[in-house]
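Only one structure is covered here, and it is reproduced in the block below.
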Protein chains: 2
Amino acid sequence: MDGPSAARPHKRVTITDVARHAGVSTAAVSKVMRNAYGVSEAMREKVRAAIADLGYRPHAAARGMRGRTYTIGVLLDNVRNAFFADILDGIRDELRHTDYTVLIGAAGFDPEEQARTIRSLVDRQMDGLILIAPGTPRAEVLATAASTPTVVIGHHDASDAYDAVVDADDLGAGLVVDHLVALGHRDIALVSAPGSRANKWKRTPEAVLSEGYLRAMEGHGLAPLARVHHTAYSDDGGFKAGMTLLTADRPPTAVMTGADVAALGVYRAAHELGLRVPADLSLVGYNNTALAALAPVQLTSVDQAGHTMGSAAARMLVERVESRRDRAMQTTMTPRLVVRATTGAPRGR
Amino acid sequence: MDGPSAARPHKRVTITDVARHAGVSTAAVSKVMRNAYGVSEAMREKVRAAIADLGYRPHAAARGMRGRTYTIGVLLDNVRNAFFADILDGIRDELRHTDYTVLIGAAGFDPEEQARTIRSLVDRQMDGLILIAPGTPRAEVLATAASTPTVVIGHHDASDAYDAVVDADDLGAGLVVDHLVALGHRDIALVSAPGSRANKWKRTPEAVLSEGYLRAMEGHGLAPLARVHHTAYSDDGGFKAGMTLLTADRPPTAVMTGADVAALGVYRAAHELGLRVPADLSLVGYNNTALAALAPVQLTSVDQAGHTMGSAAARMLVERVESRRDRAMQTTMTPRLVVRATTGAPRGR
DNA sequence: CTCGTCGTGGATAACGTTTTACAACATCCG
DNA sequence: CGGATGTTGTAAAACGTTATCCACGACGAG
């Protein structure tokens, strides 16, 4: 009898136990675990049996003291963004049948909080990091990447310190503008995210998107009509942007946004102002998340293949962790327009 | 010159470096870090200064070898469920100003995969675990809880091995039925999740919800009209359920679902069958996620206060980790009905 | 025969922390 | 002043792995 919680934590099986049970050294067991060079088939068999007998599972913290932890850390600002969920699925599927485990740090939007989370991941000896559109200063990411293999998703700023996976957001913007112009629109507004606050990322997804939008408008001779409204990518942000744009002197006949959820906010604003979609207003989202396909919405959007981006990132990262590659590389995905029910010819045509 | 990646990984600052820099023992530094007993104010000051000077950050893996890792692991089946995002936010907010970091393992729905993820978290020496509606066999959760403090969210099965946070789903179901009956409905169907496959959880959220629904129907003398349709909580699952129910001989005039996303699937089915909501069909969701409030939907739903559930879980877990409490406890939240635009009087009234 | 060489397995020193035990010293009380 | 009682700091032993040697025997070439 020793107190109420007598349920003894049942001591862990260690490598020493396995070694003793198999009648070999711990070094041998370790070698088998990592399938390192210098073990005979007989030895391998013997050790495997002992491991199975005892149900041995290596202690990750102890591993982290010397070698790998077999853990990949993912930094995310926002769990609510369905696009990120696609990326996560891609990462998970790629890593499913390997020894690696994926752990997610959800940091929120605050750059300081994100930096803290990145440090946490590094302190916990992650073998590699996948940072999804980090808002931390670029310098900090570079410093992290110097000590831990890192893949950055989203930002177009290239570097030889980290690998990168991006979507050709400028092409995406072009697809949308072309589509709308073909329908007869001329007055097309873009709702994008607020610019980075001096954190040294020059080519964020938003920036590249805006760039592509402006270039496309220019290409159609519509440069004077171009206007970009900045707001948070959220339902509420979209709503406010919509209110501002649609109550302006000369409201646009079409609005494209950098995120589906923001497009739904604009939709709500239009609804409230008595405008019908797409009769009075054409609306285009971005990312083609599940939201866009949803029941009464049927939002025209741009598909970014989040799943593919995630698996590409995971593959690239593992290559680096296992040092099968020592040069930085960058993967660019091509976006695709998915036309649904929220775009049509403008009324006054 | 030593190869292309000459950017030396810049050796970590260790506790030894701090001790040397402050002219004290490593033990003293350790005590200050954990603010343990037996350090003078002067010592504390000296060490603090050294830590700041060197920018020391403790190595979590090394910590994990003896004491805590200051990491809380969260098991999640599905990142897409917005309700879980609320819970996560609650956990994060509760832990924000502590030393703990939250790491999320996203496992998917497969029980085996979930079990693997739980093991991964344990192997990585998490100080505590929060399991959100785990699909793994109950026995496995009990075994885990025996060695690591654990909070289970969702399942109503109580135990003295783990703490639990649940919503009174039976009351929630009652609220919905009462609301619909008050509007004049009698033929009310429930769309719930498929039952657990012999994993020994008897009182899953779905089960308790169904129970509450049946009891409420009975209370109104509508037991003969009660019917429960089981399907996956997804847009597609909801769509199929809706199709089945609404094309039946005697279709219900109102449908309540166990998740908002499924309600939207039913909405889509109704739409496709030419039924208008709420004129021809009243529809109620569950969880009051952001989806429910969305633009053109305005779904009546039941609010579960996910944020509060998350912070309660985190608070309870930390109490256990720091062994300020040694008895299991269970927190039950009261749900609240949020009436929006998808419920109204039945037509044939 | 002698040398290397190769293939295999083991001893053992890290890795960076926490924690236990104890030494040194100060303080208090009778 | 002697002993009991605190207080503050340190030395050193874990913790469970990995990786670097080294030893040993077998074998093939000269």
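Treat the numbers as computed from the prediction; the structure is a model and nothing was measured. Keep in mind that the numbers below use all heavy atoms, side chains included, and drop hydrogens, waters and symmetry copies. Numbered from 1 within each chain, the chains take letters A, B, ... in sequence-line order.
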Quiz item: Is the distance from OP1 or OP2 of dT18(C) to the nearest side-chain N or O of Tyr70(B) less than 4.0 Å?
Solution: no
Lys46(B) NZ to dT8(D) C1', in whole Å, measures 11 Å
Ile15(A) CD1 to dA14(C) P, in whole Å, measures 19 Å
Side-chain contact check for Met65(B): nearest option of dT19(C), dT10(D), dC15(D) is dC15(D)
I'd like to know if Arg68(A) pairs up with Asp99(A) as an ion pair, taking the criterion as any Lys NZ or Arg NE/NH1/NH2 lying under 4.0 Å from an Asp or Glu carboxylate oxygen. no
note: Arg63(A), atom CZ; dG16(C), atom C1'; distance rounded to Å ~ 18 Å
Less than 4.0 angstrom from a charged side-chain N to a carboxylate O is my criterion; do Arg116(B) and Asp123(B) meet it? no
Would you say that Arg119(B) contacts Glu140(B) through its side chain, given a criterion of any heavy-atom pair below 4.5 Å between the two side chains? yes
Atom CD of Gln125(B) and atom C1' of dT18(C) are separated, to the nearest Å, by 13 Å
Short side-chain N/O contact to dG10(C) OP1/OP2 from Ser25(A), under 4.0 Å
yes
Regarding the side chain of Arg66(B), the nearest nucleotide among dG10(C), dG9(D), dG16(C) is dG16(C)
Rounded to whole Å, the CZ-C1' distance (Arg12(B) to dC15(C)) equals 12 Å
Whole-Å distance, Lys31(B) NZ to dT10(D) P, equals 9 Å
In this structure, CG of Asp86(A) is separated from NE2 of His307(A) (nearest 0.5 Å) by 8.0 Å
Asp17(B) atom CG is separated from dT17(C) atom C1', nearest whole Å, by 13 Å
Q.
Just so I know, are the side chains of Val102(B) and Glu94(B) near enough to count as touching, which here means a heavy-atom distance under 4.5 Å?
A. no
task: May I ask you to say what Met33(B) touches in the nucleic acid, namely base, sugar-phosphate or nothing, with a heavy-atom cut-off under 4.0 Å?
output: nothing
For Trp201(B) and Tyr162(B), take the angle between the two ring planes, folded into 0 to 90°, and tell me which bin it lands in: parallel under 30, tilted 30 to 60, perpendicular over 60. tilted
Compare side-chain N and O positions of Ser30(B) against OP1 and OP2 of dT17(C) and report whether any pair is under 4.0 Å apart.
-> no
Per atom distances to the Ala62(B) side chain, the nearest of dT17(C), dA19(D), dT17(D) is dT17(C)
Walking DNA chain D from its 5' end, the first of Val24(B) and Val29(A) to be reached, judged by nearest nucleotide, is Val24(B)
Can you find a side chain N or O atom of Arg34(A) that sits less than 4.0 Å from OP1 or OP2 on dA19(D)?
-> yes
Exercise for the section: For dT8(D), take OP1 and OP2 only and decide whether either is under 4.0 Å from a side-chain N or O of Ser40(B). Expected result: no
Between OH of Tyr56(A) and P of dG16(D) the distance, given in whole Å, is 10 Å
Considering only heavy side-chain atoms of Ala27(B), the closest of dA12(D), dA14(D), dG9(C) is dA12(D)
Distance check: side-chain N/O of Tyr37(A) vs OP1/OP2 of dG7(C), anything under 4.0 Å?
-> yes
Ranking dG10(C), dT10(D), dT8(C) by distance to the side chain of Ala28(B), first place goes to dT10(D)
